[in-house]
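Remarks on the structure that follows.
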There are 2 protein chains.
Amino acid sequence: MTTIKEVAKLAGVSVATVSRALNNSGYVSEEARKKVESAVKELNFYPNEVARSLYQKKSKLIGLLLPDIANPFFPLIAKGVEDGVNQRGYSLLLGNVEDDLEKEKDYLKIFAQNNIAGVISAVQGDIKDLQNMPFVLLDRVESDQNFSVHSDDYTGGMMAAEAIVSRDPKEIVIMVGPKEVPSSAARLAGNQKVLKDHQLDYQIFQTSSFKFELAEQTAEQFFDTYPNVDSVIASNDVYAIAVMKEALKRGRRIPEDVQIIGYDDMPFSRMMYPGLATIAQPAYEIGYRGAKLLCDILEKGFVEVSRIQLPVILKIRESVRKKDEDE
Amino acid sequence: MTTIKEVAKLAGVSVATVSRALNNSGYVSEEARKKVESAVKELNFYPNEVARSLYQKKSKLIGLLLPDIANPFFPLIAKGVEDGVNQRGYSLLLGNVEDDLEKEKDYLKIFAQNNIAGVISAVQGDIKDLQNMPFVLLDRVESDQNFSVHSDDYTGGMMAAEAIVSRDPKEIVIMVGPKEVPSSAARLAGNQKVLKDHQLDYQIFQTSSFKFELAEQTAEQFFDTYPNVDSVIASNDVYAIAVMKEALKRGRRIPEDVQIIGYDDMPFSRMMYPGLATIAQPAYEIGYRGAKLLCDILEKGFVEVSRIQLPVILKIRESVRKKDEDE
DNA sequence: TTGAAAGCGCTACCAA
DNA sequence: TTGGTAGCGCTTTCAA
């Protein structure tokens with residue numbers, strides 16, 4: 001490993017001058033700069049971030065907390081976050097938390113031990129655990145003073161319900177995600193607003209998790225509970241796909257006998273057959289904007305907008321019937 | 001941030017003693033240890049990894065290089081790697097490379113700047129770029145002296161072909177992944193061995209990428225090129241699913257008119273309808289074993305086995321027809 | 001068994 | 001405009 005000392009020696013200047021030249025801080029004569037530059041090139045020198053970080057008490061690392069990287073919604077978020085922080089010179093320390101509060105705490109400790117510059121979190125944990133680290137929350141809407149990026153769940157819920165309402169529903173069941181997840185509640189509220197406005201009856205099927213592994217058995221329970229359901233507003237695309245499969249297995253046609261709308265628009269949703277109608281959340285964008293927001297906080301110390309809400313988009317695909325007026 | 005100095009002061013000993021007590025290195029009297037422990041507890045002290053890492057010239061971080069985290073095969077690998085390294089006290093620095101050689105180099109530099117302990121890579125880049133960092137390669141079989149974990153692609157290719165052969169194929173097309181990817185070649189060799197042994201004709205459809213975004217248009221081209229195909233050996237599950245969708249769109253029944261077998265067994269493959277028959281690669285296990293292998297290298301300095309090959313499993317699902325003998 | 005002190009690579013202060 | 005130097009928090013000699 002080449003150090004600043006060796007560069008200084010080769011350039012015939014002091015380490016202080018090299019440091020100044022490298023960081024464009026303080027006075028460096030044109031001549032000295034030239035000498036440093038060529039020494040840096042010759043030795044293929046790049047500064048050790050660990051030493052920097054020790055002195056600054058702040059590294060170029062950002063901690064990323066994810067609930068479950070195997071859930072196909074989160075890799076996209078991660079990609080957005082990564083692109084965003086990279087552009088500003090930061091890298092990511094990965095923390096896949098698995099809905100485990102202990103694991104989350106462990107990671108926050110590790111983050112602190114590594115002089116992390118900030119945290120981007122998409123998990124539901126306790127904000128207080130974040131201590132004094134700068135942070136941005138993704139896909140969570142809790143208290144009002146938070147720095148966060150999320151999409152418009154209430155409107156999304158309304159759009160999903162409207163898509164169903166306008167397609168001749170007979171028996172509507174809303175599949176609701178875990179109660180603790182704020183976005184589930186907002187979506188449900190949006191669903192209900194629309195259904196009530198149209199004076200339509202509906203049932204609620206509460207799920208306790210978004211976990212991939214539970215989707216199939218949940219779908220079975222779902223149809224056991226509501227065998228005659230004809231219109232499903234699913235909690236997310238993973239569960240919607242499981243419901244679709246279960247419906248087809250039970251010999252029900254989609255969308256003729258059962259129509260389904262999901263939530264998220266995962267990459268796979270459009271590759272289903274029939275294609276899954278859904279509310280598209282801009283997952284990559286959520287991550288990307290979250291990254292930018294955090295970087296702004298870190299660099300400027302303040303931000304104009306601290307809560308970013310992104311729009312959702314209705315994606316009509318073949319898993320829902322044709323609209324009433326189209327018929 | 002609490003430092004070792006404050007702990008020393010509170011405990012009434014020197015920082016050297018605190019350090020020794022924390023690391024169980026050198027002599028520490030029982031009495032001193034007690035005092036240190038209670039001071040640590042009282043101050044809620046935890047050591048700064050950055051300072052440690054600066055002195056040791058080696059951090060507790062491991063760099064993870066992935067080709068594309070949005071490809072559903074890799075989050076599972078990442079999860080395995082993460083669990084594996086966590087158990088040994090390491091954390092992950094994420095490097096999503098996007099099949100971009102420059103980006104890979106950038107990440108390796110960042111890894112070096114952060115005194116990374118080692119690298120786990122699932123990308124196809126140049127090994128020499130890894131310089132002197134200890135590394136483990138996943139899912140790659142290149143030269144013989146490498147540290148690597150991969151699954152048995154040749155056998156997997158044979159299994160896929162056998163599954164088709166025993167199911168009354170009429171017109172077989174093998175969809176082959178990118179030429180540069182060693183595992184594609186091995187799978188193809190396995191396919192061909194079996195087909196030749198059975199003296200069956202087949203066509204080869206070469207793809208240039210594993211990229212998710214290209215799957216749908218590739219599937220279209222596939223059917224344009226081979227409109228009468230009745231048995232498809234796909235390069236992976238993503239492309240198999242795209243082929244399934246395209247077949248259904250064209251009014252061909254699965255598996256009666258077209259039968260398909262994939263490769264990987266992504267979580268979604270079993271949630272398709274019909275379920276996608278495939279060769280299951282133990283993605284999580286590949287990551288986990290890779291992590292263990294690297295940790296062994298780092299801690300012991302040597303390993304008994306440096307190349308780990310994991311078995312693959314044939315998963316028969318409804319996307320292939322019934323076996324000849326079953327009829 | 002202990003503590004003083006050097007040093008990991010870098011930045012920033014201060015004096016020249 | 002420059003260089004000497006202290007110090008970031010920790011580990012590890014080495015002498016006591």
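Naming convention: chains lettered A, B, ... in sequence-line order (proteins, then strands); numbering from 1 in each chain.
Residues passing the salt bridge (Lys or Arg N to Asp or Glu O under 4.0 Å) test with B:E49, sequence neighbours excluded: B:R52. Under the salt bridge (Lys or Arg N to Asp or Glu O under 4.0 Å) criterion, A:D83 pairs with B:K103, not counting sequence neighbours.
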Side chain to side chain contact (heavy atoms under 4.5 Å, CB included), that's the test. Do B:L310 and B:I286 meet it? Break it down for me. CA-CA 7 Å; B:L310 266 21; B:I286 289 175; 3.8 Å; yes
Side chain to side chain donor-acceptor pair (under 3.5 Å) evaluation trace for A:K60 with B:Q113: CA-CA 11 Å; A:K60 283 298 205 177; B:Q113 291 181 292; over 6 Å; no
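A donor-acceptor pair is defined here as one N or O able to donate and one able to accept, closer than 3.5 Å; no such pair exists between the side chain of B:D68 and the backbone of B:E98.
For DNA chain C, the contact window with chain B, defined by any atom under 4.0 Å from a protein heavy atom, covers C:dT1 to C:dG9 in 5' to 3' order.
For DNA chain D, the neighbouring residues in residues 41-57 of chain B, judged by any heavy atom under 4.0 Å, are B:F45, B:P47, B:N48, B:A51, B:R52, B:Y55, B:Q56. A heavy atom lying under 4.0 Å from DNA chain D marks the following residues of residues 16-34 of chain B, by number: B:A16, B:S19, B:N23.
D:dG3 atom P lies 15 Å from atom NZ of A:K5, rounded to whole Å.
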N/O donor-acceptor pairs under 3.5 Å from side chains in residues 32-42 of chain A, not counting sequence neighbours:
unit_1, atom_1, unit_2, atom_2, d
A:R33, NH1, A:N24, OD1, 3.2
A:S38, OG, A:K35, O, 3.2

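The CD atom of B:E82 lies 10.0 Å from the CG atom of B:L94; values are rounded to the nearest 0.5 Å. Distance check, rounded to the nearest 0.5 Å: CG of A:N71 to CD of A:E213 gives 9.0 Å.
Ring geometry for B:Y284 versus B:Y288: interplanar angle under 30°, hence parallel rather than tilted (30 to 60°).
Between the side chains of B:Y107 and A:N86, at least one donor-acceptor pair of N or O atoms lies under 3.5 Å.
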